[in-house]
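Since the structure comes first, as structure tokens, the remarks are kept for the end.
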Amino acid sequence: MSWIGKIMSWQISRESEDTSNLVDSENLGCLESQDYVIESNSVVMKEKKISDITLSQVLTAVVVSIGTFMMSYGLAYTSPALISMSENSTYFPVTSEEASWIGSLMPMLALPGGFVGGSMIEKIGRKATIEFSAVPFATAGLLIALAPRIEMIYLGRMLQGFSIGALSVAIAIYLAETTHNSVRGTLAMLPAVFGCLGILLCYALGTFIGWRPLSAVSSLLGFVFFIFAHFLPQSPHWLITKGRRDEAYEVLTSLRRQRFNVHEEIMSIEISTTVDRTSCNYGSLIEPRNVKSLGICILLMLFQQLCGINAVIFYSASIFKDAGSTLDENVSSIIIGVVNLVSSTLAAVFIDRVGRRPLLITSCLIMSLSLLSLGGYFYLKENDPVNMARVGWIPLLLLMIIVGSFALGLGPVPWLLMSEIFSSDVRASASAVAVAVNWSCVFAVTKVFPTLVAKFGSYLMFWSFAVVCSFGCFIIVLIVPETKGKTLEEIQNELNTDLSGTDSRDVTASQTVNESSSNGHINQVIVSECDNLSLESDSETITWLICPFEELSLTV
């Protein structure tokens with residue numbers, strides 16, 4: 001068991017003391033535990049509100065979030081670094097074209113990194129992929145910090161991009177598979193909050209140090225994350241797909257409260273992995289059961305990046321300079337970083353209360369209006385620069401609103417949905433495709449944004465981003481499902497329910513049990529807590545009433 005599981009032993013022991021042993025073998029007797037009552041000779045669990053968040057789940061999410069802290073630091077690096085390079089902090093000249101490649105090489109290499117990460121999480125596991133992806137990032141930071149010429153900076157940015165691409169797939173899936181469904185949204189938003197902290201740190205350090213020490217800090221972050229990631233528990237879903245059921249049970253026991261039915265969760269995962277146990281390949285993504293989820297995810301990733309947010313983050317200092325803002329560009333970037341952090345924190349608080357769809361819709365609407373206004377500012381500045389110079393604070397205000405509304409929904413929610421809406425057999429490959437689409441858009445936007453601004457003007461670019469946000473809001477209302485409070489298996493059941501109302505996955509699961517029974521295979525089930533377990537065998541349905549914490553081995 002990992003250290004995260006071990007530190008939870010005190011909690012499990014304490015909760016075990018609150019549970020009483022049951023019951024008279026003839027009439028089920030009286031339950032002494034206050035959590036249960038007898039109604040019509042049936043054992044019924046009282047509804048009792050308990051906290052679903054455990055310390056082990058929080059620690060796991062925090063450790064993983066250090067990875068997004070590191071990634072976001074690398075993403076924001078170009079904003080202060082390019083200003084430093086263009087001044088007097090480099091031994092070699094950096095042209096505008098070279099600066100463009102420094103900003104765009106990272107997302108370009110994130111594309112193959114996502115595909116490699118998608119393959120690695122199935123072969124060596126989620127934890128190992130997360131752990132080893134930190135190595136190229138740390139190495140890249142040193143290469144850039146010690147670079148004697150521009151080519152080494154290119155190489156460092158490429159390594160960082162590859163690492164970030166792999167981590168983008170692994171982190172989202174890992175968190176979805178280790179957190180309980182009732183708090184999955186909140187804990188899955190922690191990486192977004194830490195990501196904002198990473199951006200803020202990069203902006204803040206960029207005001208005091210040059211691009212070389214700024215890159216050295218990213219290397220340090222990579223090594224720190226590598227050490228912490230070593231102590232993460234394995235994903236229970238991955239362990240079950242590898243036939244390591246006992247280890248999966250141990251991991252879930254350490255991550256859940258004692259009152260949770262870990263056996264039931266294990267059974268649910270086993271059924272889903274049995275039903276989905278086909279060869280994992282990209283061809284499976286075009287099957288009818290996966291097309292809808294893939295389409296939703298790809299559209300969300302397109303909207304996320306084509307709204308222009310990375311152009312704003314990567315070139316925020318340059319945008320303020322071009323807008324004639326009276327504030328120092330680095331100070332303005334720090335202010336935006338603070339707004340980003342506050343909005344991400346609010347999203348983490350509300351996502352499991354109001355749901356995913358409301359946050360996405362609100363985010364797109366606010367961004368659309370703000371981008372439209374920002375484009376209007378640059379249009380007026382081009383035609384009346386003298387008067388517009390008097391209101392140089394407007395770009396800062398509008399960019400604060402844009403970044404804040406993005407962090408509230410369109411930024412983190414697509415990553416969360418990516419980890420929720422795919423079945424277990426295609427989760428890795430589908431996520432790799434989604435990440436590839438995402439980073440392809442990042443590369444395109446960051447590479448061509450300066451060129452298009454120079455050719456067409458800033459106002460046309462921001463108006464184009466506003467159109468994307470408006471269209472995205474319309475699509476989200478039409479097709480994006482609400483996944484709040486649902487298990488990964490429940491989400492799949494809903495997405496795969498056909499027009500007649502029959503759940504194809506339930507039918508397949510039933511057939512799997514029946515076939516195993518008729519073929520003489522033994523299905524062993526360990527049940528705890530109060531469960532009504534029904535298994536179908538041919539035409540008969542057998543139901544057992546199992547009292548809490550009395551383990552029973554059933555064979556069919």
Side-chain angles (χ1 to χ4, degrees), residues 52-53 57 61 64-65 68 168-169 171-196 290 292-307 309 340 342-368 403-424 427 430-431 434-435 437-438 468-497:
D52 295 337
I53 297 182
Q57 287 186 81
V64 170
S65 298
T68 58
S168 298
V169 176
I171 286 178
I173 292 178
Y174 178 82
L175 268 182
E177 294 178 347
T178 54
T179 53
H180 190 265
N181 59 282
S182 60
V183 295
R184 186 174 59 244
T186 298
L187 293 182
M189 294 293 283
L190 263 184
V193 175
F194 274 67
C196 296
N290 296 319
K292 181 179 179 180
S293 298
L294 184 63
I296 291 172
C297 194
I298 287 178
L299 285 173
L300 286 177
M301 292 301 181
L302 287 172
F303 297 144
Q304 184 190 70
Q305 296 305 327
L306 295 182
C307 72
I309 189 63
N340 197 14
V342 173
S343 297
S344 295
T345 304
L346 290 175
V349 172
F350 289 109
I351 193 165
D352 276 326
R353 299 183 182 183
V354 303
R356 282 66 158 155
R357 278 170 52 89
L359 290 181
L360 281 172
I361 294 169
T362 302
S363 176
C364 285
L365 285 175
I366 297 176
M367 286 190 70
S368 179
V403 171
S405 56
F406 178 83
L408 187 65
L410 196 54
V413 175
W415 294 104
L416 174 59
L417 288 174
M418 181 190 77
S419 66
E420 293 180 324
I421 63 177
F422 292 111
S423 56
S424 59
R427 191 171 293 146
S431 298
V435 167
V437 171
N438 186 285
V468 171
C469 290
S470 300
F471 182 65
C473 184
F474 175 73
I475 295 298
I476 289 167
V477 171
L478 287 182
I479 66 173
V480 175
E482 180 56 70
T483 61
K484 180 186 70 171
K486 300 173 184 176
T487 66
L488 299 180
E489 290 70 33
E490 288 172 344
I491 295 169
Q492 281 305 299
N493 289 342
E494 292 185 9
L495 286 172
N496 288 281
T497 299

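Numbers here are sequence positions counted from 1.
Using a distance-only test at 3.5 Å, with no hydrogens or angles considered, no donor-acceptor pair links the side chain of Thr362 to the main chain of Leu359. Between the side chain of Arg184 and the backbone N or O of Lys486, at least one donor-acceptor pair lies under 3.5 Å. No donor-acceptor pair closer than 3.5 Å links the side chain of Lys484 to the backbone N or O of Arg356. For Ser344 (side chain) and Asn340 (main-chain N/O), a donor-acceptor pair under 3.5 Å exists by modelled atom type. The backbone N or O of Phe422 lies less than 3.5 Å from a partner atom in the side chain of Arg427, making a donor-acceptor pair. In this structure, the side chain of Thr186 does not engage the main chain of Val349 through any donor-acceptor pair within 3.5 Å. Formation of a donor-acceptor pair under 3.5 Å by the Thr68 side chain with backbone atoms of Phe194 is not found in this model. Under the 3.5 Å distance criterion, the side-chain polar atoms of Gln57 are matched with a main-chain donor or acceptor of His180.
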Criterion side-chain contact (heavy atoms from CB on, under 4.5 Å) on Ile421 and Cys297, from CA distance to verdict: CA-CA 8 Å; Ile421 63 177; Cys297 194; 4.3 Å; yes

Leu417/Leu360 under side-chain contact (heavy atoms from CB on, under 4.5 Å): CA gap, chis, key distance, verdict: CA-CA 11 Å; Leu417 288 174; Leu360 281 172; 4.0 Å; yes

Derivation and outcome, side-chain contact (heavy atoms from CB on, under 4.5 Å), residues Val64 and Thr178: CA-CA 11 Å; Val64 170; Thr178 54; over 6 Å; no

Test side-chain contact (heavy atoms from CB on, under 4.5 Å) applied to Trp415 and Ser168, step by step: CA-CA 8 Å; Trp415 294 104; Ser168 298; 3.9 Å; yes

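Considering only heavy atoms from C-beta on, Ile309 stays 4.5 Å or farther from Leu410 through its side chain. In this structure the side chain of Cys196 never reaches within 4.5 angstrom of the side chain of Thr345, judged on heavy atoms. For the pair Leu175/Leu190, no side-chain contact is recorded, criterion being any heavy-atom separation below 4.5 Å from C-beta on. Between Phe303 and Cys364, every side-chain heavy-atom pair lies at or beyond the 4.5 Å cut-off. Side-chain contact between Pro358 and Glu482 is present, with heavy atoms from C-beta onward closer than 4.5 Å. Within the 4.5 Å cutoff, side-chain heavy atoms of Met418 are placed close to those of Val435. Looking at heavy atoms from C-beta onward, Gln304 lies in side-chain contact with Asn438 at the 4.5 angstrom threshold.
Of all heavy-atom pairs spanning Ser431 and Ile173, the tightest one is OG-CD1, 3.4 Å. In plain terms, the two heavy atoms of Gly485 and Glu490 that are nearest each other are O-OE1, 4.3 Å. Pro481 approaches Ile296 most closely through the heavy-atom pair CD-CD1, 3.7 Å. Listed here is the closest heavy atom pair of Pro191 and Ala188: CD-O, 3.2 Å. When every heavy atom of Gly411 is checked against every heavy atom of Pro414, the shortest pair comes out as O-CD, 3.8 Å.
For the atom pair OG of Ser293 and CD1 of Ile298, the computed distance is 11.0 Å after rounding to the nearest 0.5 Å. In this structure, CZ on Arg357 lies 8.5 Å from CD1 on Ile476, to the nearest 0.5 angstrom. The CG atom of Asp352 sits 8.5 Å away from the OG1 atom of Thr483 when rounded to the nearest 0.5 Å. A distance of 10.0 Å separates OG of Ser405 from CG of Leu365, quoted to the nearest 0.5 Å.
The ring-ring contact (aromatic ring centres under 6.0 Å, His included) test applied to Phe474 returns no partner, not counting sequence neighbours.
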